[in-house]
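In this text, all values refer to a predicted model and were calculated from it rather than measured experimentally.
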Amino acid sequence: MASSNSYKLRCSIPGHEMDVRGLASAAFPEGAFVSVSRDRTGKVWVPNSSPDNGFTEMHSISGHTNFVSCVCVIAPSETYPRGLIASGGNDNNICVFTLDQAQPLFTLTGHKNTVCTLSSGKFGTLLSGSWDTTAKVWLNEKCMMTLQGHTAAVWAVVILPEQGLMLSGSADKTIKLWKAGRCEKTFTGHEDCVRGLAVISDTEFFSCSNDTSIRRWMVTGECVQVYYSHTNYIYSISVFPNSQDFVTTGEDRTLRIWRQGECSQTIRLPAQSVWCCCILPNGDIAIGASDGIIRVFTEVEDRIASAQDLQAFEDELSKTTIDPKTGDLGDIKMEDLPGREHLEEPGNRDGQTRLIKDGDKVEAYQWSVSDARWMKIGDVVGGSNEQTSKSVMYEGKEYDYVFTIDVNEGGPSMKLPYNVAEDPWLTAHNFLQKNDISPMFLDQVANFIIENTKGHVVGPNPPAGGDPLTGGARYIPGASDERSAFGADPFTGSGRYIPGSGPTPSALSGGTDPFTGGGAYSSAAHRQTATNIYFPKTDGVTFEQANSAQIIAKIKELNESAPQEHKLSQEALETLMRLLGSISQPNSSESPPTIQEINLLWKASHWPEDIVFPVLDIMRLAVRHPTVNETLCGEAEGVQLCNHLLSLMSPEGRSANQMLALRTLCNCFMGRHGRALLLAQREAVLSRAADLAGICNKNIHIALATLVLNYAGCLHSQPDLEAKAQCLSVASRALETVQDKEAVFRLLVALGTIVASDQTARELARSLGVNAQISKYSSVSDPSKVAECCQLVLKEIQ
C-alpha cells in the first residue's frame with residue numbers, strides 16, 4: 001500500500017461519553033485496541049471492512065466505581081491465550097478482564113489513591129503507579145512488592161524488557177530505576193511532573209513531562225537528548241517499532257509525530273486535552289481526547305478517510321475556540337496582528353501557527369506541508385489585551401475570582417482563588433487537598449465554581465465528574481563502603497580474639513551437610529541419583545563456633561578502658577562468665593540462664609559501639625538458648641532487641657558490629673519466639689540487612705546470605721507472597737555485589753527454597769531476571785556445590 005509520508009485522519013470513533021484517558025493495542029483480534037474513559041467503561045475496538053476504514057465496538061467492560069484512568073494489555077499465556085486487559089481507576093483499584101466478559105475476572109486492591117498508570121511485563125507481571133506516591137508489582141492476583149521512594153504521585157510506569165528492570169516517573173520531577181524492588185538510580189532533569197515513559201530498548205527510554213520537553217535517557221543515567229516542540233503539558237508518548245521515531249500528545253491540543261529526532265508533523269485536534277496515544281501494529285496512531293472521541297490517523301493512502309470526512313474534521317477544527325492562556329499561542333496584541341493577506345505566504349514548517357485579524361476576530365491557522373496550505377484551527381478568544389482590571393489579588397497572584405467558602409458551620413472560612421481558563425474540577429480538587437477536606441465535596445465545590453462563573457468559562461463546560469488534572473496547577477498528592485581493612489577482620493594478631501574466625505565451610509563431598517560439614521542430610525548418601533540435597537532448606541542455619549576464654553578476655557580488656565558509667569564490676573564480669581558457660585551448649589544439662597544474667601547481658605550490649613563487639617558475640621550465642629530466646633525475643637522485649645540490632649547494622653556503623661548483629665538475628669531463628677519476632681519484623685530487618693550487601697566484607701556477606709536463607713526456610717510452607725517477594729528481592733540485590741562463594745551458595749539455596757513448590761514465586765523470580773543473574777554460577781568448579789545448586793535453581797525457575 002502506498003504511503004503519503006504524512007499522517008491524516010483515518011476515522012473518528014465517538015465511543016465514549018467522557019474523556020478517553022487510556023489506549024492500548026490489544027493482543028487479539030488482529031488490529032484491535034482497547035480504550036478506557038472517565039465514563040467508567042472500557043471498550044475493545046476491531047477494524048471493520050466497511051469503506052470508511054472504521055472500527056466496530058467488539059466488547060465493553062465495566063467494573064470501576066469511578067473514572068477509569070489507564071489501561072494496559074497483559075500478554076497471552078497458556079491460561080489466557082487472548083491475553084487480559086488491566087485498567088486502573090480513581091476508585092484506587094485495578095480491574096483485570098478477559099476479552100469475553102463484561103465484569104472483572106478479578107480486582108487488585110492495595111493502592112490508597114487513584115491508579116493512574118499501568119504496564120505489563122513477562123510472565124503476567126503487572127506494574128502500577130498511583131497518586132499515593134507508590135508503584136506496586138503484581139503477579140497472579142497478589143501484590144509482590146511496593147516500590148517506595150517518590151515524594152509525589154507516580155504518573156508513569158514501564159517495565160523494561162529482559163533485565164527485570166522497572167521505571168517510574170513522578171510529579172516529584174524524577175524518574176526512578178528499580179531492580180528487584182530496590183531503587184537503583186534516580187534520574188533528574190525534568191523541571192515539572194513526569195507524565196509518560198516509553199521503552200526504546202533494553203538500555204534506553206523516553207520520558208515526557210509537564211515542562212513541555214521529551215528526554216531520551218540511557219538506563220545508566222545519562223540524558224542523551226532533549227526534544228522541544230510542544231507548548232504545554234505532554235501527557236503521553238509512544239514509540240514506533242523502529243525504536244527511533246515516536247509520537248506524543250498533550251494539553252496544547254496536538255498529536256506530534258517525531259522522525260529522526262525532529263517533530264516532522266503536528267496534527268491539531270478539536271479538543272483541549274489530548275490525553276493518550278498508542279501505535280497500532282500496522283503503524284496507524286490512535287489518540288484519545290477530552291471530547292470523548294477516539295481518532296485514528298494513518299499514512300497509508302488506502303486507509304485515509306474520505307474527502308468528505310476530512311473536510312468535516314477540518315470544519316470541526318476551525319470552529320474551535322482557543323484560549324491563549326493555555327500557553328499555545330503566546331501573548332496576543334490585536335492591533336499588531338496582520339490581516340488575511342498574511343495567509344498568502346507559505347509556512348516554514350509543518351505545524352507552524354499563524355494568527356490573523358479578521359475584523360473584530362482573531363483566527364488561528366496551521367501550515368500543512370502535505371497539503372501546502374494554511375488550515376484554520378480555531379478562533380482565538382480572551383487575548384491578553386482583554387485581561388481586565390477586574391482581577392483580584394490573592395497571595396501575591398492575580399485571579400478572576402476569589403470565593404469565600406464555609407465548609408463547617410461556625411468554623412473559619414477558606415479562600416478559593418479561580419481563573420476562568422482553569423478547569424473547575426482541578427481547582428476544586430486542589431482546594432480540597434490544600435485544606436485537608438474530604439474528596440466527597442469535589443462535585444459540590446466544582447459545581448459552585450461553575451454556577452458562580454456562568455458566562456465566563458472559555459469553551460464548553462466540562463462534563464460532570466470531570467478530571468481535576470487539566471491545565472493550571474499540577475496535582476501533587478499528599479556506593480559501597482570501601483573500608484576493606486576489615487576484609488579479614490579488625491581484630492587480627494596471634495592468639496587474639498577474632499569474632500567469626502571459625503573455619504569457613506569448604507567444598508564438601510559425599511554425604512556431608514553443605515553448610516556445616518556434618519552429616520545432617522540423610523538423603524546425601526543417595527547423591528549419585530541426582531537428588532536435590534540443597535533445597536528447600538527449612539531448618540535454620542546458625543553460627544555456633546566460639547572461643548569462650550578469648551571472648552571473656554577481650555571483655556575484661558575493654559572493660560578497663562570503658563567509660564565509667566559503662567564499667568562492669570568484677571561480680572558482673574563473673575556473671576557474664578557463668579552465662580557464657582550455661583549457653584555454650586544450649587541443650588545441655590547446665591542450669592538455664594537466670595533473668596539477672598540475661599538482664600546484665602542486655603545492659604552490656606549497650607556499651608559504646610567501639611567496644612561492644614565481644615558482648616554481641618555472647619548475645620549471638622545466648623539467643624540460641626530456649627530461655628534467652630523466650631526472654632529477649634518475647635512480645636514485650638522482642639521489638640527492643642530488634643531495633644537495637646538494626647541500629648548496630650547501620651551502613652555507617654562498624655563492620656564487626658554489623659556482622660555480629662546479623663549473626664545474632666540468624667541465631668534467633670533457633671527458637672519459636674525468635675522466629676515469630678523476625679517474621680513480624682521482616683520488612684524492617686531485611687531492608688536494613690540488604691543495605692549491607694555493598695560493604696566489602698565476606699563475613700558480613702555470609703551472615704547476610706544466611707539471614708535471607710533462614711527467612712526463606714520459614715516462609716517456604718507459608719502463602720505469604722509479599723514476604724517471599726522481599727526475600728527474592730534482597731537475594732537478587734545481594735547477588736549483584738557478593739563475591740564470596742559461600743555467601744553466593746547460601747543465597748542460591750535461599751532462592752531455591754523460595755521458589756520450590758510455589759508457581760507464583762517462580763514466575764516472580766523469572767520476571768525479576770533471576771535466571772539471567774545467576775546463570776554464571778552454573779559452571780563454578782570450586783566449590784562444586786555452587787554450580788550444582790545453581791543448576792537446580794535454574795531448572796526450578798525455567
Side-chain angles (χ1 to χ4, degrees), residues 177 179-186 220-221 479-493 496-507 515 541 543 545 609-614 616-617 620 645-667 684-711 726-751 770 773-774 776-777 780 782-783 785-786 789-790:
L177 175 71
K179 183 171 178 61
R182 175 189 175 94
C183 180
E184 297 288 324
K185 194 175 296 294
T186 298
T220 49
S480 300
D481 189 336
E482 298 298 335
R483 292 169 293 171
S484 55
F486 191 76
D489 207 294
F491 317 108
T492 55
R496 302 284 302 278
Y497 157 64
I498 305 176
S501 58
T504 299
S506 57
F515 295 95
V541 178
F543 293 88
Q545 295 175 343
E609 289 194 15
D610 57 335
I611 62 173
V612 74
F613 60 89
L616 295 178
D617 221 0
R620 184 254 311 180
L645 293 174
L646 293 185
S647 70
L648 294 166
M649 288 162 56
S650 165
E652 298 78 31
R654 294 175 174 265
S655 297
N657 297 343
Q658 292 165 341
M659 176 194 69
L660 290 166
L662 281 168
R663 290 184 170 187
T664 302
L665 290 169
C666 291
N667 286 1
V685 171
L686 282 177
S687 295
R688 176 55 59 87
D691 293 336
L692 300 181
I695 293 175
C696 184
N697 184 309
K698 74 170 189 176
N699 289 325
I700 287 177
H701 289 171
I702 291 172
L704 166 61
T706 306
L707 181 66
V708 176
L709 174 55
N710 285 351
Y711 267 112
Q726 190 186 18
C727 278
L728 276 174
S729 170
V730 175
S732 175
R733 286 158 54 186
L735 282 166
E736 292 186 359
T737 53
V738 167
Q739 299 295 320
D740 180 79
K741 292 299 188 292
E742 180 61 30
V744 169
F745 169 68
R746 296 187 183 201
L747 289 168
L748 290 171
V749 177
L751 288 173
V770 168
Q773 188 179 32
I774 67 173
K776 62 184 177 183
Y777 298 114
V780 172
D782 183 25
K785 65 180 183 180
V786 172
C789 185
C790 179

- request: Evaluate the criterion side-chain contact (heavy atoms from CB on, under 4.5 Å) for residue pair L735 and L751; output intermediate values, then yes/no.
  value: CA-CA 11 Å; L735 282 166; L751 288 173; 3.7 Å; yes
Just how far is it from atom [atom1] of [X] to atom [atom2] of [Y], taken to the nearest 0.5 Å?
X	Y	atom1	atom2	value
M659	R620	CE	CZ	8.0 Å
K741	D782	NZ	CG	8.5 Å
L662	L692	CG	CG	5.5 Å
N667	T706	CG	OG1	9.5 Å
L747	E742	CG	CD	10.0 Å
L748	C790	CG	SG	5.5 Å

Grab the two heavy atoms, one from [X] and one from [Y], that are nearest each other, plus how far apart they are.
X	Y	answer
A693	T737	O-OG1, 3.0 Å
I695	P651	CD1-O, 4.1 Å
V708	A750	CG1-CB, 4.0 Å
F543	R746	CZ-NH1, 4.1 Å
M649	A661	CG-CB, 3.6 Å
L686	Y711	CD2-CD1, 3.7 Å

- request: Start with the C-alpha distance between L707 and V685, add both sets of side-chain angles, then the distance that settles side-chain contact (heavy atoms from CB on, under 4.5 Å), and finish with yes or no.
  value: CA-CA 9 Å; L707 181 66; V685 171; 3.9 Å; yes
N/O donor-acceptor pair under 3.5 Å between [X] side chain and [Y] backbone:
X	Y	result
N657	L648	no
Q773	S732	yes
R688	L646	yes

- prompt: With sequence neighbours left out, what residues match T664 under side-chain hydrogen bond (donor to acceptor under 3.5 Å, both in side chains)?
  reply: none
message: Could you work out, with side-chain hydrogen bond (donor to acceptor under 3.5 Å, both in side chains) as the rule, every residue matching S647, not counting sequence neighbours?
response: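 Once residues adjacent in sequence are excluded, S647 has no partner under the side-chain hydrogen bond (donor to acceptor under 3.5 Å, both in side chains) criterion.
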- request: Kindly determine whether Q726 and S687 satisfy side-chain contact (heavy atoms from CB on, under 4.5 Å), including the steps that lead there.
  value: CA-CA 9 Å; Q726 190 186 18; S687 295; 3.4 Å; yes
With [X], which residues qualify under side chain to side chain contact (heavy atoms under 4.5 Å, CB included), at least two apart?
X	result
K185	L177, F187
R182	E184, D691, R733
A743	H701, I702, A705, V738, D740

